[in-house]
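Everything numeric here is computed off the predicted structure, so don't read it as measured data. Indexing begins at 1, ligand by ligand and atom by atom, following the structure's order. Throughout, residue positions are numbered sequentially from 1 according to the sequence presented.
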Amino acid sequence: MPPNLCTVFVFLLATMAYGGGAIGVNWGTTASHPLPPTKVVELLKSNNVTKVKLLDADPGVLEALSGSNLDVTVGIPNALLRTLNSSKKAAESWVHDNVTRYVSNGGSGVKIEYVAVGDEPFLQTYGEQFHTFVIGAAMNIHIALARAKLESKVKVVVPCSFDSFLSESGHPSKGHFRPDLNRTMIELLTFLSKHSSPFFATISPFLSLHQNKNISLDFALFKANAKPHNDSRRTYKNSFDLSYDILVTALSTVGFPKMEIVVSQIGWPTDGAANATSSTAETFMKGLMEHLHSKSGTPLRPRDPPAETYIFSLLDEDQRSISTGNYERHWGVFTFDGQAKYHFDFIQGSKNLVDAQNVEYLPSKWCVVNNNKDLSNVTASSLEACSLADCTALSPGGSCSNISWPGNISYAFNSYYQQHNQSADSCNFGGLGLITTVDPSVDNCRFSVQLRTSLSDFLYPAYLSQWMTLLVTTILLSLTIFT
Ligand SMILES: *[C@@H]1O[C@H](CO)[C@@H](O)[C@H](O)[C@H]1NC(C)=O
Ligand SMILES: *[C@@H]1O[C@H](CO)[C@@H](O)[C@H](O)[C@H]1NC(C)=O
Ligand SMILES: *[C@@H]1O[C@H](CO)[C@@H](O)[C@H](O)[C@H]1NC(C)=O
Ligand SMILES: *[C@@H]1O[C@H](CO)[C@@H](O)[C@H](O)[C@H]1NC(C)=O
Ligand SMILES: *[C@@H]1O[C@H](CO)[C@@H](O)[C@H](O)[C@H]1NC(C)=O
Ligand SMILES: *[C@@H]1O[C@H](CO)[C@@H](O)[C@H](O)[C@H]1NC(C)=O
Ligand SMILES: *[C@@H]1O[C@H](CO)[C@@H](O)[C@H](O)[C@H]1NC(C)=O
Ligand SMILES: *[C@@H]1O[C@H](CO)[C@@H](O)[C@H](O)[C@H]1NC(C)=O
Ligand SMILES: *[C@@H]1O[C@H](CO)[C@@H](O)[C@H](O)[C@H]1NC(C)=O
Ligand SMILES: *[C@@H]1O[C@H](CO)[C@@H](O)[C@H](O)[C@H]1NC(C)=O
Ligand SMILES: *[C@@H]1O[C@H](CO)[C@@H](O)[C@H](O)[C@H]1NC(C)=O
């Protein structure tokens, strides 16, 4: 089949399979040892994912996506918003360096579909620090895209956090935007509708469950037996529909009742909090997929499901900020090393995911506490390890919350040791650490071995010794020749 026809065919197949809105996935890279981008692209392809949303514009990631035919959203970090608001020139450079360079590469380029301005800049915990820059930055990026003649291909969007819209009574008919965002939202919606861009918003039944006593676990998980919520004559059977319609009302209230909605983040974490487990995540994701496939829409937008839905997230990230909660590092459908956590797939929801293949790890070594030493001062060392490494699995409800002292100290030591590429001095802890080749994992509590990344290869004797051998041989040979 000629390539063009083939593309059309794949597109048709995809459209038929998805029915309503397309399903995509968020790919974040805030990890100490990220899975190599080429492996991640293979992982996406083998799972038939066709849309991917990045939270930045990492050159290695965009390089790996070149020629992949995936639809890509690139992101602008919040820290750049101030500059991009005040300088059209900075916006032009940004577009040139992070968009034009990749799309203009013909068939081997990256299919960039959206530029996401900011990473949830309106999250309440950020206060109002970004409010005044977001729209200006979005406008400047749009102008820069127009100058690069990419305006018709690449749309500008702003991902809005789950807490940008709310309803005090819990009734969707009383939904509105957070008062401090009132003016900014009207400016944003005016901008988006002028350029036919959709509204990107996070929906988070998991966070709703934690913040609202009226939401039951069954209601969040799409269970058929959940007690419905009534809003005058409308009946809500799940938390997703409730949040979605709160947003629909918020949009209508400020004059944009027809605004297209893209769910830019939705998912369920598997560790670091109560009810964050693989089995609840599986139930949630299957319920979500079934709901999206049914194309039933919501009470306020019947038969009109979200235009697109991006699962949050592809992989666990051990360096995400935990200021909002210890579950933040565990949103992945896959573990950090690309292994499926539960039964799920991105097309039907009910099949099996395909794991990442040929993943390279550091050697099978762990760092544990040396039980033969006086451990009276070990707490300080473990706290220090946890302040840098990832101890979120030890928190209440976490997968390692049940291991007793000093097993939990070993967990902290090992996490630090792995993050430091298993260097001997990172298992010292004032002489209290001990390197072992026996896997200390117990039940669900997994003591991980980190990934081997290209640079850490260099630390490892295999390569080093090969190079040294080559070097020494060369020197000896030349000595022989020249004498
Ligand atoms: C991906 O699509 C192919 C072809 O339609 C199918 O055979 C395969 O099972 C799908 N894989 C997954 C993980 O859905
Ligand atoms: C955003 O940029 C505009 C245009 O340069 C400028 O007038 C405005 O003061 C900037 N906003 C803030 C909050 O700095
Ligand atoms: C994008 O472009 C800007 C400006 O040229 C550059 O500083 C930045 O590192 C690039 N990457 C990201 C992720 O913003
Ligand atoms: C929770 O339900 C009670 C009783 O139905 C209601 O008064 C209250 O406003 C609701 N709160 C939220 C945040 O949904
Ligand atoms: C927000 O804007 C709407 C429409 O302009 C207005 O009715 C409402 O009172 C405003 N709310 C706040 C808190 O400013
Ligand atoms: C909600 O509405 C349904 C059907 O309209 C009704 O059967 C049910 O009793 C109502 N529930 C409450 C708590 O009002
Ligand atoms: C988590 O689930 C249990 C039931 O499995 C429930 O009792 C508990 O209240 C839930 N926790 C939260 C924060 O919703
Ligand atoms: C523990 O710390 C205290 C105070 O710093 C110190 O006096 C003591 O010798 C330490 N004990 C061990 C076993 O290292
Ligand atoms: C921890 O132990 C309690 C009691 O044995 C059990 O109910 C709970 O499921 C365990 N939690 C984990 C994360 O294994
Ligand atoms: C390990 O468990 C002990 C006893 O339950 C506790 O005091 C300590 O804070 C825990 N340490 C860590 C790093 O979780
Ligand atoms: C571990 O190795 C990677 C390169 O593979 C490097 O970027 C990173 O800084 C190293 N980490 C530490 C803590 O040394």
Side-chain angles (χ1 to χ4, degrees), residues 29-37 39 58 60 78-92 117-118 121 127-144 162-163 165-176 178 183-184 187-188 191 205 207-216 219-220 227-232 235-236 239 241-243 245-246 249 318-319 336 360-363 367 384-385 387-390 414-428 449-460 462-464:
T29 52
T30 319
S32 67
H33 293 67
L35 196 60
K39 281 251 179 302
D58 184 86
N78 292 333
L80 290 180
L81 295 176
R82 176 193 283 269
T83 313
L84 295 176
N85 166 67
S86 57
S87 161
K88 288 197 168 52
K89 213 161 173 177
E92 263 179 46
V117 176
E128 299 190 13
Q129 58 177 316
F130 303 119
H131 288 18
T132 49
F133 307 129
V134 177
I135 316 303
M139 285 175 167
N140 286 343
I141 290 292
H142 182 264
I143 292 167
F162 79 101
D163 56 8
F165 47 92
L166 67 155
S167 164
E168 282 82 1
S169 66
H171 292 135
S173 59
K174 297 283 179 330
H176 60 89
R178 218 171 59 221
R183 274 194 38 216
T184 310
E187 281 173 28
L188 172 61
F191 169 81
L207 295 176
S208 300
L209 169 73
H210 279 247
Q211 295 183 352
N212 185 342
K213 286 197 181 63
N214 290 359
I215 306 282
S216 72
F219 191 66
K227 189 170 165 276
H229 288 220
N230 287 351
D231 185 0
S232 55
T235 301
Y236 286 87
S239 175
D241 284 356
L242 198 77
S243 295
D245 278 0
I246 289 174
T249 307
D318 66 352
Q319 292 197 326
F336 71 100
E360 293 188 63
Y361 295 89
L362 294 174
C367 175
E384 195 192 318
S387 72
L388 292 160
D390 177 25
N414 182 59
S415 176
Y416 185 86
Y417 173 66
Q418 302 296 336
Q419 280 205 353
H420 287 75
N421 300 322
Q422 298 187 350
S423 76
D425 60 353
S426 66
C427 185
N428 187 344
V449 168
Q450 263 301 352
L451 298 177
R452 193 145 71 122
T453 54
S454 51
L455 265 171
S456 57
D457 275 350
F458 246 111
L459 298 173
Y460 285 92
Y463 275 78
L464 210 59

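- Inspection of the H33 and N421 side chains reveals an N or O donor paired with an N or O acceptor under 3.5 Å.
- Residue S167 has no N or O atom closer than 3.5 Å to an N or O atom of ligand 4.
- For the residue pair S32 and Q419, the shortest heavy atom distance occurs at OG-CG, 3.8 Å.
- Under the ring pair (Phe, Tyr, Trp, His ring centres under 6.0 Å) criterion, F133 pairs with no residue at all, not counting sequence neighbours.
- Shown in contact with H420 at under 4.0 Å from a heavy atom are these atoms of ligand 11, numbered in order with element: 13 (C).
- Every atom of ligand 4 is numbered from 1 in the order shown, and the set under 4.0 Å from a heavy atom of G170 is 14 (O).
- The minimum heavy-atom distance between N140 and N85, with the atom names listed, is ND2-O, 2.9 Å.
- Using a non-hydrogen distance threshold of 4.0 Å, E168 registers as a contact of ligand 4.
- When each atom of ligand 4 is checked for a heavy atom of N212 under 4.0 Å away, the hits are 12 (C), 13 (C), 14 (O).
- Considering backbone and side-chain N/O of N421, one or more are found under 3.5 Å from N/O of ligand 11.
- Closest approach of F219 and Y236 over heavy atoms only: CE1-O, 3.3 Å.
- Protein residues having at least one heavy atom under 4.0 Å from any atom of ligand 2 are N85, S86, T132, F133, listed by chain and number.
- The side-chain contact (heavy atoms from CB on, under 4.5 Å) with D231 is formed by just one residue from the set S173, S169, S167; it is S173.
- Taking 4.5 Å as the limit, some side-chain heavy atom of P363 sits within range of a side-chain heavy atom of Q422.
- With a 4.5 Å cut-off on side-chain heavy atoms, R452 and Y361 do not count as touching.
- Heavy-atom contacts of N214 reach the following atoms of ligand 4: 1 (C), 2 (O), 3 (C), 8 (C), 10 (C), 11 (N), 12 (C), 14 (O) (cutoff under 4.0 Å).
- To the nearest 0.5 Å, atoms NE2 (H229) and CG (D245) are separated by 13.5 Å.
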